[in-house]
Amino acid sequence: MSFTSPAFFLFVLVLVPVYYLAPKRSQWIILLIASYAFYLFGSVKAVFYLVFTTITTYTAGLLLDRLNRRRAHLAPEEKTLGAKRIKRQKKAVIVCALLMSFGLLYLVKYWNFTAELLSGITGAAVPGLNLLVPLGLSFYLFQSVGYVIDIYRGKYEAQASLPRFALFVSFFPQIIQGPISRYDQLAPQLLARRSVNWDHLKYGIQLAMWGYFKKLIIAERIGVAANTVFADNSAYGGAVLAVGVLAYCIQLYCDFSGGIDITRGVAQMLGINLIENFRRPIFSQSLTEFWRRWHISLGGWLRDYLFFSLSLSKPFARLGKWARKHIPGKAGKILATSLATFIVYFVIGVWHGANWRYIAFGFYNGLIITASLLLEDRFIRLRQIFRMSDHPGWRLFRMGRTALLVFIGRYITRAPRLLVGVDMLWRTVFDCRISQLWDGSLLTLGITGFDYGVVLSGVAVLLLAEYQQEKGVAIRDTLARKNPLLQWLAIAIPMAVILLFGIVIRSYVPAQFIYAQY
Amino acid sequence: MDQLMKILSECCPGVDFEQEQNLVDDGIITSLDIVTIVSEIMEVFDIEISVDDLMPEHFNSTQAMFRLIEEKRA
């Protein structure tokens, strides 16, 4: 069920009153039923993966929790030997849980790529698997695995009730494209007993509408131009190719962050605050900062469960010791952590799918960020020599430089094949044909001049709002201080704009979200 | 404490480690800084800090880091 389908509007319209009118002790059950109904609506077969992930991570959580308790109650004379034995048992449990979870992910998302690779290398036909890729698998799987690792680390106790845990894994607004929540932040909210709160309702509607604005008015329109350019890239010169990639950058941001706004808005209507997934990435001063502001929940997950684990593991500790001894300066001190950083960015690339494009994208980000870490001291010295202080021009330059690096990366991920992406990038620089920008070529990309006008106006509104937020203005709080009529107008007018420009004028088709495929 | 201050100032020059009380929560130090600091601390103080110790409350201030070191030494 797409967030932009009439069925979804009806679903939310029915669910919200039912949730608040239901007896408080059974509100979480309503959410569980709604979540499974939502997922079943998309695909009955895909529910198998959801149930499998829920049961395996639930069981692993219980086993680890039991071992944590046993360790806490060890008699003093058993402390050393008993603790070692329990540590071994915990390791066995978590290794099994990780193998089962990531094994499933590997089979579904990565096996066919491996089979193709093996066939190419050995010459023998390695059979692929014709498995359904369930929507949102990477999201709910990462969320559940995060829970298991937290129990392993003794961060909190396991959830004893399977249905309650199932709600944490399947909560419908976030199951398709995140954000990847943490159990201790989300579960208490899902299980809380609530009365209707008009502020939550109002804020939720406003946020969801902001998401629909981004998705239906901007992303869906400009996405047509991006698709046209990438589908038939040989027909265009470099300048139009660059417009196509820029169109894709706008589409991707408005599609993903718009979807997350709808997710968080719907959750907020139910009184549940989901974590932020975007913090205005356009204002990033570096690629590292960009990844701290883009898909925050994935970055946070990889930081807590992969980066920290890798960096403090024994092999990395040994590498760190060796580097400190043999490589002078800061580079020696941070070599091991830089390698861990590189691995994290590589994983971010591969997380998107099994494809050379994503592998290259991971390398691209990993190499730039790792190099910038290792060369940081020299950059600082250069800045001092050229007296580049923190003035607005320098900040603007850094923003532009970061945007350019992200822009180049998008050639790789959106092109149908890696080499096509590289060729498009090459032609952008060396076969520009800049006259195509004004000879009418842009009007052959599937959207009209009017559409370009709508997109540009939409992007201007978006940038203005984000600039205000960046300065610390809380737009919805500011609006809440105005009189009630103005507040309702602030809902009604955007709703009319979305209906008119997002649905009525366009030949409307309920659209899927790009990140739902991951 | 002096040894710790030396590690911190070398790792993150320009940060006021004597005054700041929300180094992690306010994003003054990043995850990369934390890991670099932890690696240095383990090396200099010859202690073991595990991934389970990487909680914001242990790194929000110099005092908190010092408490963690003392705890691990005990």
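Lettering of chains follows the sequences in order, A, B, ..., and the numbering in each one begins at 1. Note that the coordinates shown come from a computational prediction; the quantities given were computed from them, not determined experimentally.
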Measure the spacing between CD of E43(B) and NZ of K321(A) and express it to the nearest 0.5 Å.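 That separation rounds to 5.5 Å.
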Do any of [range] come closer than 4.5 Å to chain A, heavy atom to heavy atom, and if so which ones, in number order?
range                     : result
residues 31-38 of chain B : S31(B), L32(B), V35(B), T36(B), V38(B)
residues 47-57 of chain B : I49(B), S50(B), V51(B), D52(B), L54(B)
residues 12-24 of chain B : none

Answer yes or no: does atom [atom1] of [X] have more than 12 heavy-atom neighbours from other residues, nucleotides or ligands under 6.0 Å?
X       : atom1 : result
R66(A)  : CZ    : no
D46(B)  : CG    : no
R324(A) : CZ    : yes
F102(A) : CZ    : yes
H326(A) : NE2   : yes

So which part of T337(A) gets closer than 4.5 Å to some heavy atom of chain B, the side chain, the backbone, both or neither?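 Its backbone and side chain both get close to chain B.
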Please classify the contact between F308(A) and chain B as side chain, backbone, both or neither, with a heavy-atom cut-off of under 4.5 Å.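 Both backbone and side chain.
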Write out all pairs satisfying salt bridge (charged side-chain N to carboxylate O under 4.0 Å, His left out) with one or both partners inside residues 296-308 of chain A, taking only residues at least two apart or from two chains.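 Every salt bridge (charged side-chain N to carboxylate O under 4.0 Å, His left out) pair that includes a residue of residues 296-308 of chain A, provided the two are not neighbours, is R182(A)-D304(A).
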Side chain from CB out, backbone as N, CA, C, O: work out which of these in E40(B) comes under 4.5 Å of a heavy atom of chain A, or both, or neither.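 Interface part for E40(B): both.
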